[in-house]
Amino acid sequence: KRICDLMVEILVRGKQFDDVWGMIEDMERYDFAVPADCFTVLIRSYGRVGMVREAIGVLEEMVDFGCKPTVDCHNAVLDVLVENNRFEEVQGIYKRMQLAGPKPDSITSNIIMYGLGKSGNVGEARRLLEELNRSVCVPDVVTYTTLIVGLCKAGKVFEARDFVDDMIKEGFEPDVVTYSSLINGFCKIRKMEESLELFAEMADRGCVPNVFTYSTLMNGFCKVGRLDDACRVLKEMSQLRCIPNIVTYNTLIYGLCNVGRLDDARGIYEDLVAQGYTPSVETFNILIDGYCKAGWLDNSFELFHKMWGHGCPPDVCTYSTMIYGLCKAGRIENAVELMDRMRNKGCLPNAVAYNTLLDGLCKANRLDDARKLFDEMWKDGCNSDVFSFNTYIDCLLKLGRLDEALPVYKDMLANGFLPT
RNA sequence: CCCGUUGAACUAUCGA
């Protein structure tokens with residue numbers, strides 16, 4: 001037990017994987033049984049720093065130390081794989097567990113369920129639930145909630161809602177996470193009345209909303225421009241002694257930006273800083289985006305430069321936002337420069353960043369540059385999505401290059417993207 | 001206090 005605590009300490013604070021392996025070797029040398037928990041911790045730590053191969057490798061290596069890989073270790077590996085979207089490998093390990101052990105437990109099932117939802121495979125997710133109901137490995141509230149989240153992400157929110165009734169029938173009480181997830185699902189499709197109904201229903205069932213629930217509702221109202229309702233939610237939560245956190249405030253800042261009240265939004269930010277509150281990178285991104293959309297580029301840059309001082313260096317969203325603002329203002333050259341600068345800072349552009357610049361180039365009729373960028377997007381693999389094709393094809397058509405657009409369209413279909 | 005094998009909230013891109 002104590003050994004494990006020590007390892008956690010070393011891994012969480014210093015990420016000194018070699019030291020931990022050294023400890024394990026020492027223990028082996030002195031004939032100490034290494035607790036399997038230690039390896040679980042090790043797997044999770046590898047996962048946290050993105051060392052997926054090493055995380056998987058622990059399963060094999062622990063055998064060399066006379067440790068049987070437990071179901072917990074397997075679960076940890078599965079979770080790391082799901083977090084990294086390595087779904088094929090997840091299925092592989094899961095199948096192997098079913099056949100050769102260790103026997104999957106309910107946590108295994110929940111991780112598999114999470115993976116199915118994350119990959120948009122909701123049909124399989126539903127099937128998994130049925131399968132679990134028929135087996136010894138019963139689902140629990142987490143299984144249901146995870147399925148509900150998956151369905152919501154796939155846009156099947158009403159179907160997700162029905163599962164709440166199902167789970168109650170099966171004797172599982174939905175908890176605050178279940179309700180918050182479903183409320184979020186309805187908020188995302190702008191069905192605020194349904195969200196509020198659920199909010200009332202959870203209260204009826206004695207389920208107490210938390211800061212997630214309230215922030216979710218606020219965000220829903222902000223998205224549809226109902227800032228006053230969002231503020232009412234904020235007031236209610238405060239009266240009920242539910243303390244707003246940075247996400248709550250970010251949501252409020254977003255809501256103010258969304259109705260054009262940029263100065264009030266900035267005021268909230270200034271208040272937070274004045275009170276010693278730490279803004280998050282999202283705080284900056286929201287405000288910078290507000291300024292960009294309003295064409296106040298100077299304000300955007302001013303905040304952009306302040307980010308480092310607040311311990312929030314710009315991330316790929318920040319750069320995309322700034323690129324968008326620069327393109328919108330016709331400063332294409334600066335946008336291209338910023339893309340280079342982000343790379344130099346070690347921030348790799350993702351599909352959105354590329355698309356933003358691509359769209360800027362297209363709208364500026366710079367077909368040659370757009371073509372170059374479009375080809376470049378493919379170099380690193382999955383940096384292209386259906387929006388890239390939309391943008392590029394639209395550009396070609398506007399410039400009368402139907403001949404060039406058609407092969408691109410075929411390419412899009414060949415890559416499994418459906419026209420929107 | 002943080003950490004702990006599984007679930008929920010905030011930010012960026014095209015088009016309609």
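Lettering of chains follows the sequences in order, A, B, ..., and the numbering in each one begins at 1. On a predicted model such as this, the values are computed, not experimentally measured, just so you know.
- For B:A9, its base never sits under 3.5 Å from the side chain of A:N210 at any donor and acceptor pair.
- Under the salt bridge (Lys or Arg N to Asp or Glu O under 4.0 Å) criterion, the residue pairs touching residues 191-203 of chain A are A:R161-A:E201, A:E193-A:R226, with sequence neighbours excluded.
- The salt bridge (Lys or Arg N to Asp or Glu O under 4.0 Å) test applied to A:D204 returns no partner, not counting sequence neighbours.
- In this view, A:D375 satisfies the side-chain hydrogen bond (donor to acceptor under 3.5 Å, both in side chains) rule with no residue, not counting sequence neighbours.
- Near RNA chain B, meaning a heavy atom under 4.0 Å away, there are no residues from residues 231-238 of chain A.
- Taken residue by residue, residues 302-322 of chain A places heavy atoms nearer than 4.0 Å to RNA chain B at A:V316, A:C317, A:S320, A:T321.
- In this entry the distance linking CZ of A:R48 with C1' of B:U6 reads 14 Å, nearest Å.
- With sequence neighbours excluded, the residues that form a salt bridge (Lys or Arg N to Asp or Glu O under 4.0 Å) with A:E89 are A:R86.
- Of the candidates B:A9, B:C14, B:U6, B:A9 carries the atom nearest the A:N219 side chain, counting heavy atoms from C-beta on.
- You'll find the ring centres of A:Y277 and A:Y249 inside the 6.0 Å limit.
- Side chain A:T145 to base B:G7: a donor-acceptor pair is found below 3.5 Å.
- Judged as a salt bridge (Lys or Arg N to Asp or Glu O under 4.0 Å), not a single pair has a partner in residues 247-259 of chain A (not counting sequence neighbours).
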Dot-bracket for RNA chain B: what is it, with Watson-Crick or G-U pairs under 3.5 Å, [ ] where a pair crosses earlier ones, and | for a pair to another strand? ................

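- Atom-to-atom, NZ of A:K153 to C1' of B:G7 comes out at 9 Å; the value is rounded to the nearest Å.
- Screening residues 292-301 of chain A for side chain to side chain donor-acceptor pair (under 3.5 Å) gives A:D289-A:K293 as the qualifying pairs, with residues at least two apart or on separate chains.
- Residue A:Y354 contributes atom OH, which lies 21 Å from atom P of B:A12 at whole-angstrom precision.
- Residues meeting the side-chain hydrogen bond (donor to acceptor under 3.5 Å, both in side chains) test with A:Q98, sequence neighbours left out: A:Y94.
- Not counting sequence neighbours, A:N121 has no partner by the side-chain hydrogen bond (donor to acceptor under 3.5 Å, both in side chains) test.
- Near RNA chain B, meaning a heavy atom under 4.0 Å from it, residues 358-371 of chain A has A:D359, A:K363 in order of number.
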